[in-house]
Amino acid sequence: QVQLVESGGGLVQAGGSLRLSCAAAGSIVSISAMRWYRQAPGKQRELVASTTAGGTTNYADSVKGRFTISRDIAKNTIYLQMNSLKPEDAAVYYCNADIALLGFGGRYVNYWGQGTQVTVSS
């Protein structure tokens, strides 16, 4: 009934940039918070950035000043602009969102995308 589809991952040299996209599709009434997580091999999943319905953004200390999260409300899409990439940024990046769907009484349910791989070479 709802899908979060990430795109934009790939291989990039250290110091380079990538822009990730996450598009939500379905009978969506509204979306509140949207987030980017990442998980590297052997590590726990980490919250990278988030944005609320009111436009407040938050970032992990490790990416602050390098990454920017933004949202296109009309397209139900968020982006993660990643600049000055480092090898330690390599991970699978996951989109996460709280979404209210038509037919569910307006309550919000949390959804995950399938992830997109980001590889950073030195």
Side-chain angles (χ1 to χ4, degrees):
Q1 202 162 357
V2 65
Q3 285 187 308
L4 298 177
V5 181
E6 302 100 331
S7 62
L11 173 64
V12 66
Q13 290 280 101
S17 298
L18 286 173
R19 190 176 80 151
L20 306 183
S21 299
C22 173
S27 300
I28 298 169
V29 175
S30 64
I31 301 174
S32 59
M34 298 190 77
R35 311 166 186 90
W36 286 100
Y37 286 80
R38 68 186 182 188
Q39 188 166 25
K43 292 189 175 182
Q44 295 188 39
R45 191 166 296 186
E46 172 191 20
L47 178 62
V48 176
S50 65
T51 182
T52 68
T56 301
T57 58
N58 288 282
Y59 299 91
D61 289 341
S62 59
V63 307
K64 197 170 296 181
R66 299 187 297 119
F67 291 11
T68 303
I69 187 170
S70 60
R71 180 173 177 176
D72 187 331
I73 296 174
K75 295 182 178 179
N76 290 326
T77 300
I78 57 166
Y79 306 92
L80 186 67
Q81 179 66 47
M82 305 185 294
N83 298 325
S84 302
L85 283 161
K86 304 174 181 179
E88 51 263 44
D89 294 319
V92 177
Y93 283 71
Y94 296 92
C95 181
N96 176 270
D98 298 324
I99 302 173
L101 299 179
L102 186 66
F104 282 80
R107 72 178 184 275
Y108 288 93
V109 178
N110 189 255
Y111 293 92
W112 289 91
Q114 292 290 6
T116 185
Q117 177 72 54
V118 172
T119 303
V120 184
S121 62
S122 60

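Within the 4.5 Å cutoff, the side chain of L4 has heavy atoms near those of the I99 side chain. Contact of the L80 side chain with the F67 side chain is registered, since non-hydrogen atoms from C-beta on lie closer than 4.5 Å. Residues K43 and R38 are not in side-chain contact: their nearest non-hydrogen atoms beyond the backbone lie 4.5 Å or more apart. Using a 4.5 Å heavy-atom cutoff, the side chains of R66 and M82 are not in contact.
Nearest heavy-atom pair across A53 and R71 is CA-NH1, 3.8 Å. Closest of all the heavy-atom pairs between M34 and I31 is CG-CG2, 3.4 Å. W112 and N110 make their closest contact through NE1-OD1, 3.5 Å (heavy atoms, listed as atom of the first residue, atom of the second, distance). Contact between C95 and I78 at its shortest, heavy atoms only, is SG-CD1, 3.9 Å.
One hydrophobic cluster, built from ILVMFWY side chains closer than 4.5 Å, holds both V12 and V48. Following chains of ILVMFWY side-chain contacts shorter than 4.5 Å, one can reach I69 starting from V63, so the two form part of one hydrophobic cluster. Cluster membership for L85 and W36, using ILVMFWY side-chain heavy atoms within less than 4.5 angstrom, is shared. Using a 4.5 Å cut-off between side-chain heavy atoms of Ile, Leu, Val, Met, Phe, Trp and Tyr, with links allowed through other members, Y59 and Y93 fall into the same hydrophobic cluster.
D98 CG to S32 OG: the interatomic distance, rounded to the nearest 0.5 Å, is 4.0 Å.
Listed for the T56 side chain is no donor-acceptor partner under 3.5 Å among the backbone atoms of G54. Side-chain atoms of R35 never come within 3.5 Å of backbone atoms of A49 as a donor-acceptor pair (strictly under, hydrogens ignored). Judged by distance alone, with hydrogens and angles left aside, the side-chain atoms of Y108 form no donor-acceptor pair with the main-chain N or O of L101 at under 3.5 Å.
Salt bridge annotation for K64-D61: present, with a cationic side-chain nitrogen under 4.0 angstrom from a carboxylate oxygen.
A cation-pi arrangement is present between R45 and Y94 under the rule of less than 6.0 angstrom and at most 45 degrees off the ring axis.
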Does the pair Y79 and D72 meet the rule for a side chain to side chain contact (heavy atoms under 4.5 Å, CB included), with working shown? CA-CA 8 Å; Y79 306 92; D72 187 331; 4.1 Å; yes
Could you give the side-chain donor-acceptor pairs of residues 113-122 under 3.5 Å, partners two or more places apart or in another chain?
{"unit_1": "T116", "atom_1": "OG1", "unit_2": "G9", "atom_2": "N", "d": "3.2"}
{"unit_1": "Q117", "atom_1": "NE2", "unit_2": "A91", "atom_2": "O", "d": "3.4"}
{"unit_1": "S121", "atom_1": "OG", "unit_2": "Q13", "atom_2": "OE1", "d": "2.4"}

Donor-acceptor contacts, no H, no angles, side chain residues 16-24, under 3.5 Å, sequence neighbours left out:
{"unit_1": "S17", "atom_1": "OG", "unit_2": "N83", "atom_2": "OD1", "d": "2.9"}

